[in-house]
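See below for the structure under consideration.
What you see below is based on every heavy atom in this structure, not just the backbone, and it leaves out hydrogens, waters and symmetry mates.
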Amino acid sequence: MAFDLGRAVGFQYPHKPVSWTRKDILTYALGVGATRNELSLVYDKSWGPLPTYPVVLALKGEDTDVSLFASKATGQLIPGLPKLDSKRVVHATQSIEVLKDLPPESGPGWKLSTRVVGVHENKSGIIVENELQLLDPTGTAYAKLYSSGFYLGSKANGEKFSKVIAGSPQAKPIPNDRKPDWVIREKTAPEQALIYRLSGDYNPLHIDPKVGKALGFGDVILHGLSSYGFAARGLIRAVADGDRRALKMIGVRFTSPVAPGDELETQAWEIGPGPNGTVEVAFITKDVTTGKVALSNGIAYIKRTDKAKL
């Protein structure tokens, strides 16, 4: 049976209702490593949401309690694609562009609009790229996200295929002739995944060692989006002196898993001017514990403060 993979590109999912509370925002900040020295992220007298928070909403939805990951991951059939196994998918890339400041609590009527913007088939599997927009009750967009999933071993026609109609800005090469302009080093907690999962991703891979071993990781691994949040929060602190509103876009490729308790080091270079008064930053995040790059192809647009520059 031949599949018309190109037919999948442009497919629009039904809108997904989403919501969050102040407690959700605070929980997320702790899940991506916020500390007692970052009161603007964890104490509501001076506080506001991290701009990367919307990345959790695709799984969280409107849930206010723990949910079963299996029921969240079933998905739906996409025209032109074979049935994809949600148990054999890995998060490949993630980006978010901040269009408007996020309110600290949603109230009713918010939703995610999602469409397929890219499909690729290679000998290892199928990659599906999605574009998501976070919309308020009036239809105003607050964030645009791009996310791709790599379905390992999935087959359609057994031939190389690629079609893309939209995507996030791509990272420029990291300069190899100079040291990083900023280096941010932080250790994740052994309990980091236990905290991050409370933001809505209850995949047992991140809490049950038996599942981690069965999937070939040897043990549990930290959510990739937690490492992503660590990098974003670190760049906000280093480049913008902790002003969360300064981060306007950040994107990465997930390269290697991180174990809870591992130490992360983000190395960042100023590349040049970005859009709307920002600077463009290229970065990688290394897992110091294993020596591997956890996040590659990092790109961010940030409004820099002078005193944050090395």
Side-chain angles (χ1 to χ4, degrees), residues 1-13 55 58-59 69-70 72-97 114-132 144-174 201 203 205-206 211-218 221-225 227-228 231 249-258 282-287 290-299:
M1 177 181 178
F3 291 92
D4 183 3
L5 300 183
R7 185 176 165 219
V9 180
F11 172 74
Q12 183 81 41
Y13 291 85
V55 300
L59 277 178
F69 179 77
K72 290 285 186 179
T74 53
Q76 71 176 87
L77 291 176
I78 301 172
L81 293 184
K83 186 176 181 179
L84 301 173
D85 186 356
S86 60
K87 296 179 181 179
R88 295 279 297 166
V89 62
V90 295
H91 203 158
T93 62
Q94 180 69 57
S95 73
I96 183 168
E97 178 187 359
T114 306
R115 65 170 180 153
V116 178
V117 294
V119 172
H120 314 267
E121 182 177 10
N122 58 41
K123 62 182 180 181
S124 300
I126 293 174
I127 299 171
V128 178
E129 301 181 27
N130 291 322
E131 176 192 82
L132 301 88
K144 180 182 287 187
L145 303 87
Y146 289 97
S147 180
S148 65
F150 187 14
Y151 292 84
L152 299 167
S154 292
K155 297 292 182 185
N157 300 319
E159 301 174 354
K160 192 171 182 179
F161 176 87
S162 183
K163 181 179 179 181
V164 180
I165 59 172
S168 65
Q170 297 300 298
K172 293 183 174 64
I174 289 173
D201 185 347
N203 188 337
L205 169 62
H206 304 297
V211 174
K213 291 177 182 177
L215 293 177
F217 294 105
I221 61 172
L222 183 60
H223 305 71
L225 286 178
S227 300
Y228 174 80
M249 195 282 296
I250 181 168
V252 301
R253 178 176 297 279
F254 299 102
T255 310
S256 181
V258 171
F283 69 94
I284 59 172
T285 298
K286 292 184 176 181
D287 185 330
T290 65
K292 296 180 179 180
V293 174
L295 307 176
S296 64
N297 295 67
I299 177 174

- Note on the structure: The reported gap from CG in Leu152 to CG in Leu84 (rounded to nearest 0.5 angstrom) is 11.5 Å
- Message: Can you tell me how far apart OG (Ser168) and CE (Met249) are? Round to the nearest 0.5 Å.
- Response: 6.5 Å
- Under the side-chain contact (heavy atoms from CB on, under 4.5 Å) criterion, do Leu132 and Lys144 qualify, and how do the steps go? CA-CA 6 Å; Leu132 301 88; Lys144 180 182 287 187; over 6 Å; no
- Query: Between Ile174 and Phe283, is any pair of side-chain heavy atoms under 4.5 Å apart?
  - Reply: no
- Message: Any non-hydrogen side-chain atom of Ser296 less than 4.5 Å from a side-chain atom of Thr285?
- Response: no
- Message: Could you work out, with side chain to side chain donor-acceptor pair (under 3.5 Å) as the rule, every residue matching Thr114, not counting sequence neighbours?
- Response: none
- Message: So, taking the atom named CG in Leu295 and the one named NZ in Lys286, what distance separates them when rounded to the nearest 0.5 Å?
- Response: 13.0 Å
- Query: Just how far is it from atom CG of Asn157 to atom CG of Asp4, taken to the nearest 0.5 Å?
  - Reply: 8.5 Å
- Taking C-beta and beyond as the side chain, do Leu77 and Lys83 meet within less than 4.5 Å on heavy atoms? yes
- Query: Looking at Ser227 and Val258, what are the two nearest heavy atoms and their distance?
  - Reply: OG-CG2, 3.8 Å
- Task: Search all heavy atoms of Leu5 against all heavy atoms of Ala156 and return the closest pair with its distance.
- Result: CD2-CB, 3.6 Å
- Item | Chi angles and distances behind the side-chain contact (heavy atoms from CB on, under 4.5 Å) call for Ile299, Ile250 | CA-CA 6 Å; Ile299 177 174; Ile250 181 168; over 6 Å; no
- Query: Any donor-acceptor pair under 3.5 Å linking the side chain of Asn122 with the backbone of Ser124?
  - Reply: yes
- Which distance, rounded to the nearest 0.5 Å, do you find between the CZ of Phe3 and the CD1 of Ile78? 12.5 Å
- Item | Single hit among Glu129, Arg115, Lys163 for side chain to side chain contact (heavy atoms under 4.5 Å, CB included) with Val9 | Lys163
- Query: Would you say the side chain of Lys160 lies within less than 4.5 Å of the side chain of Lys123, judging by non-hydrogen atoms?
  - Reply: no
- Could you tell me the separation between the CZ atom of Arg253 and the OG atom of Ser256, rounded to the nearest 0.5 Å? 14.0 Å
- Note: Val293 and Thr255 closest approach over all heavy atoms is O-CB, 3.3 Å
- Message: For Phe150 versus Ile127, what's the shortest heavy-atom pair and its separation?
- Response: CD1-CG1, 3.5 Å
- Query: Which atom pair, heavy atoms only, marks the closest approach of Asn297 to Ala171?
  - Reply: O-CB, 3.3 Å
- Do Val164 and His120 come close enough that some side-chain heavy atom pair is under 4.5 Å? yes
- State which residues pass side chain to side chain donor-acceptor pair (under 3.5 Å) with Tyr146; sequence neighbours excluded, sorted by chain then number. Glu131
- Please walk me through it: do Asn130 and Tyr13 pass side-chain contact (heavy atoms from CB on, under 4.5 Å)? CA-CA 10 Å; Asn130 291 322; Tyr13 291 85; 3.9 Å; yes
- Task: Let me see the working for Leu225 and Asp201 under side-chain contact (heavy atoms from CB on, under 4.5 Å), right down to the final yes or no.
- Result: CA-CA 10 Å; Leu225 286 178; Asp201 185 347; 5.9 Å; no
- Item | Listed partners of Ser147 passing side chain to side chain donor-acceptor pair (under 3.5 Å), at least two apart | His91, Gln94
- Message: Are more than 12 heavy atoms, taken from residues, nucleotides or ligands other than Lys213, located less than 6.0 Å from that residue's NZ atom?
- Response: no
- Item | Nearest heavy atoms of Phe254 and Gly224, plus distance in Å | CE2-O, 3.2 Å
